[in-house]
Every structure is written in C-alpha cells, then in structure tokens.
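Keep in mind the model is a prediction, meaning the values are calculated, not measured.
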Amino acid sequence: MHELLLFASVPAHQHHGLLQQLAGLTAMQPRHRLERRLIFKAYRKPGLISTRVGASQDLQGNEMQRLNKMLNGGMFYTQVVGPVSEAEFGAQSSIPPSGDSDALMSGIDPGEKHVSHPYNYEEQPWKLEFRDIPEAGTRSAVTCRLMASANLPKGDIATPMNAWGYSFVTEYLVEGDVFILNDIVIFLHRVLHYPTDEPETHGPRRQLPPFQQMSPLEKTGSYVLQASITVQDGGNQEMMKTASQHLFGLREQLKSAVRLEQADRLSLDTRAK
C-alpha cells in the first residue's frame, strides 16, 4: 500500500476555528483520538528475524505474512500504536466549565471527563505501523511513501518486539481529532510528552500519569493538520493520480485557513542508522 499526504502547521489560536470549519466541510463531528505511540529500532540485519515466538500465536495468516514482510524489510525505526482514553490517565481532576465547549466540539460528553477508568496494560491493544522513507524524485507535489500495518497481541509488546529484533527507544502520546471527507482522512493533532520528573523507563509504561501532566512537544501549542489517502495498489498510476487530485482539491478548499504542503522528505526518514 502507498500513503499520499499533505501537511500544514496550525497555530493554537486557529485550532477551534479550524475544527468548526472541518466539521462543516465534512458534515460530521470530530472523532477525538488519543494514541500511545511506541518507537522501536531494528538492530538485526534483514533476513535474521523470525516471528515464531509465543505472542505471535494470536496473529492469523494474512496478518502474519504482512508482519513478516515488515520486520524483515530492513533496518528501520517502526512504531507500535495503541488507542487509549483520557479517563485512563491517572486520577482525573474536575474540568472547569470553560472546558465543556471544547469537550462538546470533540464529540465527548463533558461528564465523561469526571469518570476514571483504571488503565490495564495487559489488555492494551496494539498495531504495528511501518512507514518507509518518502519516495524521491516524484513529480507530484504530495508526499508519497510505502506503508503497511498489522495487528499485534495485547499486553506486553516489548517481549515479542525484542524477539523480532527491535529494541524500545521511547514513547509519546498523540492527541487530536479525525474527520473523513470521501477517501481523505484529516487528522488535526499534536504530540504530547510524558512528565520529565518521572523516573526513566527502559520499556513501555505500564501506568499512565494524570493527563494534565502531559506537555505538548511544540511549546507554542500549535497543531499539525495531516490529510492522507491510502492507495492499495501503488503501481496503478491512474489511482495515484486521482488520489493526488483529491488532496489538491482539499488544499484548495482550505487555502483561506491553512496552507497544505508536501513534507520535507528527510524529516520523515525512518531508516535506522
């Protein structure tokens, strides 16, 4: 599969207005998304990785083949993604009345933010996401890269990843809102870091701190707008051209609010040095 993308930086003061504009454009309310993203680095040479470990018994035929192809494809950083909810982050503090409008805009009942659900690491679902370095020398003004994903066993993911030749590097949280416009997935999001005063960990966290202690990577509070289309057959030039045109159409529709552009290729380099 191939992924075609355009990106834009969104200042914090434009975030709410852009959410409203995207809601009107897509005729849907935003779907709030919180994801743990674990970064692993390959340390074995291609061809030496075997997925025949105990945890892989939960994987089925097609998923196993896709996983084998990704893990044996080369020396790359890859990410393991797991969905979480804000209620699973430590003890929840009360939300001031001013936060209710933001909660409604995100499609969340404000009352739900007062309810805490203990985080269970052993039941955490995971998905492996592989993203190749974007293709070079393309004439299209969109970012294009090879991609693949596969479901992984729940719970402790470090053990099978180590067996497959990948070591844990770090993790962070992505928070944002998703919109769907025909075949385009629009994700307005930001990256959050864990508290710096916590003890250093050498593997994925088994407990989550209070959400209020998470800090944005971008100190100005800005967001990233990502528009993407997945094309099953990247060798089909007609499909790739059509997908690019759809992204250009969205860029034109949003040009009064943001400037969607192709990303710098090397900034998305996933190769492990």
Side-chain angles (χ1 to χ4, degrees), residues 31-44 49-60 63-64 66-67 70-71 76-95 103 106 108 111-131 148-178 187 189-218 270 272:
R31 299 176 185 174
H32 198 65
R33 178 184 291 179
L34 282 172
E35 295 177 340
R36 290 185 67 179
R37 297 199 176 185
L38 317 181
I39 304 300
F40 288 84
K41 178 181 179 180
Y43 61 84
R44 294 183 183 176
I49 301 172
S50 171
T51 55
R52 294 186 178 277
V53 295
S56 66
Q57 293 175 358
D58 294 339
L59 302 176
Q60 302 302 316
E63 291 286 347
M64 180 64 75
R66 188 180 303 119
L67 186 59
M70 279 187 283
L71 296 179
F76 288 92
Y77 287 98
T78 190
Q79 65 179 1
V80 174
V81 180
V84 290
S85 67
E86 188 171 330
E88 294 176 300
F89 280 79
Q92 299 297 296
S93 63
S94 59
I95 304 297
S106 298
I108 300 176
E112 292 183 5
K113 292 198 172 187
H114 299 267
V115 180
S116 179
H117 302 285
Y119 178 70
N120 186 351
Y121 179 72
E122 298 303 324
E123 291 299 318
Q124 172 68 63
W126 301 108
K127 176 183 290 187
L128 184 79
E129 292 190 351
F130 171 79
R131 299 292 186 271
S149 63
N151 292 324
L152 295 174
K154 293 182 179 180
D156 180 18
I157 199 60
T159 300
M161 289 299 291
N162 289 338
W164 292 331
Y166 284 76
S167 59
F168 176 80
V169 178
T170 188
E171 74 167 289
Y172 58 94
L173 186 76
V174 168
E175 178 198 26
D177 295 282
V178 177
F187 190 22
H189 64 282
R190 61 177 178 168
V191 173
L192 300 178
H193 276 177
Y194 289 92
T196 56
D197 57 351
E198 290 190 354
E200 184 178 354
T201 60
H202 300 286
R205 295 168 182 267
R206 293 179 173 269
Q207 297 294 330
L208 301 177
F211 188 77
Q212 293 82 359
Q213 295 182 9
M214 302 295 293
S215 59
L217 172 65
E218 178 52 61
T270 55

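Two residues are said to be in side-chain contact when any heavy atoms from C-beta on lie closer than 4.5 Å; F211 and L192 meet this criterion. Using a 4.5 Å cut-off on side-chain heavy atoms (C-beta onward), L217 and Y172 make no contact. Counting only heavy atoms from C-beta outward, the side chains of F89 and Q213 never approach each other to under 4.5 Å.
No side-chain donor-acceptor contact under 3.5 Å links H193 to the backbone of M214. A donor-acceptor distance shorter than 3.5 angstrom exists from the side chain of Y43 to the backbone of N162, with no hydrogens or angles considered.
Among residues two or more places apart in sequence or in another chain, the side chain to side chain contact (heavy atoms under 4.5 Å, CB included) test is passed with V169 by I39, K41, Y77. Every residue two or more places apart in sequence or in another chain that forms a side chain to side chain donor-acceptor pair (under 3.5 Å) with E122 is listed here: R206. Applying the side chain to side chain donor-acceptor pair (under 3.5 Å) criterion to Q124, with sequence neighbours excluded, gives Y119. Not counting sequence neighbours, R33 has no partner by the side chain to side chain donor-acceptor pair (under 3.5 Å) test. For T159, the side chain to side chain contact (heavy atoms under 4.5 Å, CB included) criterion is met by D156, not counting sequence neighbours. Residues that satisfy the side chain to side chain donor-acceptor pair (under 3.5 Å) test with T170, not counting sequence neighbours, are absent from this structure. Evaluation of the salt bridge (Lys or Arg N to Asp or Glu O under 4.0 Å) rule for R131 yields E3, E129 as partners, not counting sequence neighbours. Every side chain to side chain contact (heavy atoms under 4.5 Å, CB included) that S85 has, sequence neighbours left out, goes to A87, E88.
The line from OG of S149 to CG of N151 is 7.5 Å long, rounded to the nearest 0.5 Å. Rounding to the nearest 0.5 Å gives a distance of 7.5 Å between CG of L128 and CH2 of W164. Note that CZ of R36 is 8.0 Å distant from CZ of R205, once rounded to the nearest 0.5 Å. Here the CG-CH2 distance, from L38 to W126, works out to 4.0 Å after rounding to the nearest 0.5 Å.
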- Run the numbers on L208 and L173 for side chain to side chain contact (heavy atoms under 4.5 Å, CB included), then give the verdict. CA-CA 11 Å; L208 301 177; L173 186 76; over 6 Å; no
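F40 and M161 get closest at one heavy-atom pair: CE2-CB, 3.7 Å. Counting all heavy atoms, side chain and backbone alike, K127 lies closest to L152 at C-CD1, 4.2 Å. The shortest heavy-atom contact between Y121 and P204 is OH-CB, 3.6 Å.
Salt-bridge check for E218 with R190: failed, with every basic side-chain N at 4.0 Å or more from each acidic carboxylate O.
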